[in-house]
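Notes for the one structure printed next.
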Amino acid sequence: MDKRLERILPRVQKPARYVGGEYNAVVKDLSTVDTRVAFCFPDTYEIGMSNLGMRILYGVMNEMPGVWCERVFAPWGDMEEEMRRCGMPLFALESGDAITDFDIVAFSVGYEMAFPGIVNMLDLARIPLHSADRHGLTPLIIAGGTAMYNPEPMADFIDIVSLGEGEESTVELIELHRKARQEGWSREEFLRSAAKVPGMYVPSLYDVRYREDGTVSSITPLDGAPQTVTKRIVEDMDKSYFPVKTIVPTTEIVQDRVTLELFRGCIRGCRFCQAGYVYRPVRNRSRELCATYGVESCNDSGYQEVTLSSLSTSDYPDLTELCDELEDFCAQRHVNLSLPSLRADNFSMNLMQRLAKGRKSGLTFAPEAGTQRLRDVINKNVTLEELLRSCHTAFAGGYNAVKLYFMLGLPTETDEDVLGIADIAARVMHEWREASPNKNRGVRITVSTSWFVPKPHTAFQWEPQISREEYERRVKLLRDAIKTKTVTYNWHDSATSVIEAVLARGDRKLCKVLETVWRKGAKLDAWEEYFSYDRWLEAFAECGVDPAFYANRRRERSEIMPWSMISCGVSEDFLWREHERAAAGVTTPDCRTQCSGCGANRLVGGKCHV
Amino acid sequence: MSKLRLLFVKEAQSSYISHLDLLRTFQRAFPRTGLEIRHSQGYHPHPLLSIVLPLPVGQSSVCELMEFEVTQETDGAGIAEKLNGGLPAGLRALDCYPAERPVRELADLRATLELEYDCGVPAGTADQLRELFSRPEILVFKRTKRKELAEVDIAPMLRRADWTEQTTCVRGDVVVQAQNPGLNPQLLAQAVERYLPELTPDFVRVRRTALLDDSGRDFR
């Protein structure tokens, strides 16, 4: 072990997250390696190790001969301070080597608030921050993940953005990079060539011009780069890589269990939901394969909990059958099944009986809005009756806690919609009185509201975010309307959501803001401990950028969005159609009921298998 | 059903695994061996395994003991080898055998202390350490379970301490009381800092080398 590291570790919190060596961590003999990849997650070990995408790509890359992919996480503040003090650069967990001279440095970016963390990690790794200041073929800085569907605020820092699912495209890119190094290409030659790999967006090959009012006037691809880059997907989930043998951390992480991915995409089409659009089309993994993977992963990892993961797990066609198939194994091995994403409209007694048998703690539903009118606007096709029936079933089955998630500030929201949330909580409470077999244990109803952030590639990408004052007024309105002590009300901090809204639909003018805010100390801004709203406001002011331009402005249909060169397969015409239907309060059926022609079917040869 | 004891090494990266995380790590390693750890009965069954004398985070050891019960009948033969295929780097099982001697017979533990001096060991350090650790009373501050600082006398818990000087390091071979109450050998370094501040080392490394019964023989 590095001597400097050995001396630092006794002084920092949770040192186990900085040493590697976990079961199934991949260590390769350097004499067999010609490509070293630093797979960076711009958040802590506990968060990053919980990310399934990272585990998949780690496995895919390490299966490539000659490639050694290692993990890198953002150090917590105390660790960063110690590292900077003793001059220790950012290092990879498997080898302990500084990543400064690695061939490829890849970032997995799931959240806009991680942007400053990426800049900070580049600096800790002693890699020049700007793409324009890096001259050789190495290190190549690439990034992917859902926050990269609008990578423009990061355009100055990233060489290549990998769009969509990376199982196949990452391999292609690494092979191309290896060829370029072997044949001695220039960096420019390589980037031009990489831009021709489907799914690869090279920001430096696009000339973006702005009008005086700040909106985009033109986006011009250079040197043969494509006009539109369409995301990549894995067509057949039964042939896609699943990390059966995966790293088992020796310190507790957030999702410390087997994550069994049942399907990708979502049939629902909630209009606010970026994941619902960008992961289209729906692709199911067969029940037999899911069961096999579940058993094999438990056997190898020794985990005693499996989460059946997807964007909407109760929409998996064979869910009860899958639970039944796993039942014997689970009972014998003391393994619990957990289902994170349940819909209030198809939660059944059948399913409930198959969930964790011992502990019946809490269930979570997300009605998202307080009235049927607003739920129709956002296309969350759940009715109050369905929600109450589901709660009734749960209470009757012995559950005594329900969490309800809502959003405030959705387009067209009125005070009536806000007060509707309090009404729902009261009706759920009433349902508990009717259904609970044991009222002595009491009930806990938790209402949580987050603040709606309009995201790119959604039907609401043209919509403004309401002002902070208005959001806080609605929070207060709801807080005053929830009177009973049984209902706990939590609301999301407003400042983070403002910055998230700015970055989500930002353009290249924000690159300078990101660098400025990082210089002022921003790093782990997804964490309350490190987030400072004032720091962001200062950075905006110094760069002459008005955050309201990005967060609170209504866009016209004709406006060129900063991310227009990127396609997730869903057409903008479809998104606009959904936007208009939202305004009219008309719902759109789910993909299984009727195809709405979003365009994502082109990614799977014309027909989705929903 | 068999009650077994596992002798294992915990060093390098694994010395940073905390006690609770270590239990979890072993819990997960057992299914890979085909052995089934016996679970407690009740509403929330949990696996029955316990570490005999938890090692402070950051220290290494070649003599850790863990007790556990498996549902199968076995004398433990072959278990250490099977476990070793599924353990993190720095954790290594040495032997597995039926738990016979009661843990209360564990009296002392032996450890090496490496006091590192980056600019060389100051002259006469070993002699001064010998003098310090033969005093009848050596007071250090120790954090209690209530997170308060309490002053404790470690002299009665210190059985033996031999010191050898090397170029940039002084090695201590010490034997301390293991339990009721036990003495963390790291506290010896704290005593140095308090009584001989000019000899405060730049870094201290602690490694457990043996568990002993009251006649000085290996406790297994």
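Each chain gets a letter, A, B and so on, in the order its sequence line appears, and its residues count up from 1. What you see is a predicted model, and the numbers here were worked out from it, not measured in a lab.
The choice from B/Gln13, B/Arg32, B/Arg205 that makes the most heavy-atom pairs within less than 4.5 Å of chain A is B/Arg32. Interface check for chain B: of the options A/Lys14, A/Glu6, A/Gln332, A/Met1, the most heavy-atom pairs under 4.5 Å are formed by A/Glu6. Top candidate by heavy-atom pairs under 4.5 Å with chain B, chosen from A/Cys298, A/Pro249, A/Pro15, is A/Pro15.
If you check the side chains of A/Glu94 and A/Tyr58, you find a donor sitting under 3.5 Å from an acceptor.
With a threshold of 4.5 angstrom between heavy atoms, A/Glu252 approaches chain B through its backbone and through its side chain. Proximity to chain A (any heavy atom under 4.5 Å) is shown, for B/Val204, by neither the backbone nor the side chain. Heavy atoms of A/Arg17 lying under 4.5 Å from chain B are absent altogether. Heavy atoms closer than 4.5 Å to chain A are found in the side chain of B/Thr25, but not in its backbone. Only the side chain of A/Lys3 comes within contact range of chain B, with heavy atoms under 4.5 Å apart. Within the 4.5 angstrom heavy-atom criterion, atoms from both the backbone and the side chain of A/Asp256 approach chain B.
Remark: B/Asp108 does not engage B/Arg160 in a salt bridge, criterion side-chain N to carboxylate O under 4.0 Å. Ion pairing between a basic and an acidic side chain is recognised when a charged N comes within 4.0 Å of a carboxylate O; A/Glu82 and A/Arg7 show no such pairing.
Checked against a 6.0 Å centroid threshold, the rings of A/Tyr18 and A/Tyr45 do not count as neighbours. B/Tyr117 and B/Phe203 have their aromatic ring centers separated by at least 6.0 angstrom.
By the 30° and 60° cut-offs, the orientation of the rings of A/Phe73 relative to A/Phe41 is tilted.
A/Arg55 places a side-chain N or O within donor-acceptor distance of the main-chain N or O of A/Met49, the cut-off being under 3.5 Å.
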